[in-house]
Colleague: 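What follows is a structure written as structure tokens; I'll ask about it next.
Reckoned from all heavy atoms, side chains included, excluding hydrogens, waters and symmetry mates.
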Amino acid sequence: MTGLRYVYAVCRPFRSALQAQLTGVAGVPPKQLTHHGLVAVVSTVPEADFAEAPLRAHLEDLDWLSATARAHQQVIDALTAVTTPLPLRLATVFRDDSGVRSMMEAREDDFRRVLDRLAGRVEWGVKVYAEPESAQSPQFPQSAQSAQSAKATEPTAPTETDRPGETDRPDTKAMSGRDYLRRRRMQTRAREDVWQRAAAFAGRLHETLSSFAEDSRLHAPQNAALSGASGQNVLNAAYLVPRADSEEFVELVDREKDDAPGIRVELTGPWAAYSFTGEFAEEPEVGP
């Protein structure tokens, strides 16, 4: 093999074949490199893109980084279907097979310890969102000014205020500033109520799921502007579950879902156990 070695994951030897059409980073199919009874899943990648200097430049290119991450994840997903992989950091690259073997030997005890712990287990992700706009609440005008403008543009028949002698009568139908502020306060209280109910539900759900799972991790709530998800993320958690118990875990999430308006539960998985691999799946690494 020529070129640099891109390493996706380390795992135990497995018998099931990966998908024949599977390709990884740079469009190259992954291969297995065995050392001391462990397997590194690798691809050959061009030095022009993955040597230290060009790789660091590429990591600032969001389009390139997104495409590389998708290709990386394709391989990890395929491995998860047939074994328990220990995913390595995105863009973990070594000069040659010897460099990969040296890395495996140096970290062999850590790899075996984590693989023993993760064997036969997968990760499930659960997110809870507060969506106040979907809750059943009164719909109010966006602003008093827009309401009055809309009223002014509607064709109407002459009113009592247009008749002689009636010009001093107040228009009782126009929304006052006080009414508008009162309604805005009601909207704010309704949103806060949905958020509080969602947060309380998320706490109960996490406690229930953590009791079922072997381990759990709480991640920082996602920023809606970055994730593109609707609503406010109040729970972003990962759960380590034996593969054999996954169906029961999914059913448990379904049973615990709250039917209250304004609360949404999102379940994803099964994934490789990224959240439970410690330092192995963090920042990109460029090896010798």
Side-chain angles (χ1 to χ4, degrees), residues 1 3-45 67-94 96-105 107-126 212-215 217 238-253 267-282 285:
M1 295 172 67
L4 303 180
R5 304 298 183 267
Y6 184 108
V7 188
Y8 301 92
V10 173
C11 58
R12 304 280 189 186
F14 55 94
R15 295 181 179 180
S16 300
L18 295 174
Q19 306 162 10
Q21 71 276 20
L22 178 66
T23 58
V25 172
V28 179
K31 304 291 184 181
Q32 297 182 39
L33 180 63
T34 302
H35 185 70
H36 287 185
L38 294 176
V39 172
V41 180
V42 306
S43 284
T44 303
V45 292
T68 301
R70 285 195 300 271
H72 179 100
Q73 188 60 41
Q74 280 185 170
V75 175
I76 299 299
D77 288 345
L79 286 169
T80 304
V82 299
T83 188
T84 301
L86 195 170
L88 299 191
R89 299 165 179 170
L90 180 70
T92 295
V93 179
F94 293 89
D96 51 24
D97 289 351
S98 178
V100 177
R101 289 193 173 97
S102 295
M103 176 272 297
M104 294 173 71
E105 186 162 341
R107 310 190 75 175
E108 182 176 346
D109 291 342
D110 291 333
F111 286 143
R112 292 186 185 280
R113 173 179 51 80
V114 177
L115 285 169
D116 286 345
R117 178 170 177 259
L118 299 181
R121 295 160 178 83
V122 292
E123 177 176 324
W124 289 90
V126 176
F212 182 94
E214 291 190 357
D215 202 355
R217 294 286 185 274
Y239 302 92
L240 185 67
V241 178
R243 193 186 297 269
D245 295 337
S246 286
E247 184 175 351
E248 187 176 352
F249 181 83
V250 172
E251 292 173 351
L252 177 60
V253 174
L267 173 69
T268 61
W271 307 106
Y274 280 100
S275 300
F276 306 93
T277 60
E279 76 279 12
F280 292 111
E282 295 173 356
E285 176 177 312

Colleague: In a table with atom names and distances, give each donor-acceptor pair under 3.5 Å that connects a side chain of residues 10-30 to protein atoms at least two apart or in another chain.
Modeller:
| from | atom 1 | to | atom 2 | distance (Å) |
| --- | --- | --- | --- | --- |
| Arg12 | NH2 | Asp116 | OD1 | 2.4 |

Colleague: Rounded to the nearest 0.5 Å, what's the gap from OG1 on Thr277 to CG on Leu240? Could you check?
Modeller: 10.5 Å
Colleague: I'd like to check the side-chain hydrogen bond (donor to acceptor under 3.5 Å, both in side chains) partners of Glu214; sequence neighbours left out, ordered by chain and number.
Modeller: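 Once residues adjacent in sequence are excluded, the partners of Glu214 under the side-chain hydrogen bond (donor to acceptor under 3.5 Å, both in side chains) criterion are Arg121.
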Colleague: At what distance, to the nearest 0.5 angstrom, does CZ of Arg217 lie from CD of Glu123?
Modeller: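 Reported to 0.5 Å precision, the distance equals 9.5 Å.
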Colleague: CG/Leu38 to CZ/Arg112 distance, rounded to the nearest 0.5 angstrom?
Modeller: 4.0 Å
Colleague: For Thr34 versus Arg101, what's the shortest heavy-atom pair and its separation?
Modeller: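 Heavy atoms only, the tightest pair is O-NE, 3.7 Å.
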Colleague: What is the minimum heavy-atom distance between Pro87 and Ile76, and which atoms define it?
Modeller: CB-CD1, 4.1 Å
Colleague: Can you tell me how far CZ of Phe111 sits from NE2 of His36, rounded to the nearest 0.5 angstrom?
Modeller: 13.5 Å
Colleague: Contact between Arg243 and Thr84 at the side-chain level, heavy atoms closer than 4.5 Å - yes or no?
Modeller: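 They are in side-chain contact.
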Colleague: Please identify each residue that fulfils side-chain contact (heavy atoms from CB on, under 4.5 Å) with Thr268, with sequence neighbours left out.
Modeller: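 Per chain and number, Thr268 pairs via side-chain contact (heavy atoms from CB on, under 4.5 Å) with Glu266, Trp271.
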Colleague: Got Phe212 and Val241 here, is their nearest side-chain heavy-atom distance under 4.5 Å?
Modeller: yes
Colleague: Once you measure the plane-to-plane angle for Tyr8 and His72, does it fall in the parallel (<30°), tilted (30-60°) or perpendicular (>60°) bin?
Modeller: tilted
Colleague: Nearest 0.5 Å, please: how far is OG in Ser102 from NE2 in His35?
Modeller: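 Spacing of NE2 (His35) from OG (Ser102) equals 7.5 Å.
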Colleague: How many angstroms lie between atom CZ of Arg117 and atom CZ of Arg113, to the nearest 0.5 angstrom?
Modeller: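 Going from CZ on Arg117 over to CZ on Arg113, the span is 9.0 Å.
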Colleague: Tell me whether the count of non-hydrogen atoms from other residues, nucleotides or ligands lying under 6.0 Å of CD in Glu247 goes above 12.
Modeller: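 Not buried by this count: 12 neighbours or fewer within 6.0 Å.
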Colleague: To check you understand the geometry: which heavy-atom pair defines the closest contact between Gly3 and Thr44, and what is its length?
Modeller: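 Heavy atoms only, the tightest pair is CA-CG2, 3.9 Å.
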Colleague: Where do Val42 and Val100 come nearest, in terms of heavy atoms and distance?
Modeller: CG1-CG1, 4.5 Å
Colleague: Quick one: does Leu88's side chain get under 4.5 Å of Met103's, heavy atoms only?
Modeller: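 In contact.
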Colleague: Taking the side chain as C-beta and beyond, is there a heavy-atom pair between Ser246 and Val122 under 4.5 Å?
Modeller: yes
Colleague: I need the minimum non-hydrogen distance between Asp96 and Gly99, along with the two atoms involved.
Modeller: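 Heavy atoms only, the tightest pair is OD1-N, 2.9 Å.
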